[in-house]
Amino acid sequence: MARVPVEKMSLKQIMALEAQIADAKAKAEGEVKVELKAKIDALLAASGFTIADLYPMAGRGKGRGKSAAKYRNPDDPSQTWTGRGRKPNWLVARLKKGQKMESFAI
């Protein structure tokens, strides 16, 4: 492998060399990925399995479901709170005035 005398290069030349290296690296990685994918596809086709058979993605893509509202603002019934996370401002204000949490339960 040839040695590049970077210590004698200007900053502009080093930056250009760095860009060439990044391009060459990306191209080489792409070629390796294509070759590897072809080998994997051939192995899968010969075995009769699929990627999903070998690596099941259990539970992926299923986020936490919507929780039912447990508390409602008596002044504006469209404002509700599930009891999770930060308390809404309307509830905090009412609690400071001395009302009980149970009085907002649905």
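Heads up: numbering here begins at 1 and tracks the sequence.
- With sequence neighbours left out, the side-chain contact (heavy atoms from CB on, under 4.5 Å) criterion links Ala69 to Thr80, Ile106.
- In the hydrophobic cluster analysis, where Ile, Leu, Val, Met, Phe, Trp and Tyr join through side-chain heavy atoms closer than 4.5 angstrom, Leu95 is grouped together with Tyr71.
- Pairs passing the side chain to side chain donor-acceptor pair (under 3.5 Å) check and including a residue from residues 29-54, sequence neighbours excluded, read Lys37-Asp41, Thr50-Asp53.
- The two residues Lys87 and Trp81 make their nearest non-hydrogen contact at CG-CH2, 3.5 Å.
- Following chains of ILVMFWY side-chain contacts shorter than 4.5 Å, one cannot reach Val32 starting from Ile21, and the two form parts of different hydrophobic clusters.
- Among pairs with a residue in residues 1-25, those fulfilling salt bridge (Lys or Arg N to Asp or Glu O under 4.0 Å) read Arg3-Glu7, at least two apart in sequence or across chains.
- Side-chain contact between Ile51 and Leu44 is present, with heavy atoms from C-beta onward closer than 4.5 Å.
- Residue pairs meeting the salt bridge (Lys or Arg N to Asp or Glu O under 4.0 Å) criterion with at least one member in residues 93-106, sequence neighbours excluded, are Asp75-Arg94.
- A single hydrophobic cluster is not seen to contain both Leu43 and Tyr55; linkage of ILVMFWY side chains at heavy-atom distances under 4.5 Å, directly or through other members, places them apart.
- Ser78 meets the side-chain hydrogen bond (donor to acceptor under 3.5 Å, both in side chains) test with Asp76; sequence neighbours excluded.
- By the 4.5 Å heavy-atom criterion applied to side chains, Gln79 and Pro88 are not counted as neighbours.
- In plain terms, the two heavy atoms of Trp90 and Arg72 that are nearest each other are CH2-C, 3.5 Å.
- Partners of Val6 by side-chain contact (heavy atoms from CB on, under 4.5 Å), not counting sequence neighbours, listed by chain and number: Val4, Met9, Leu17.
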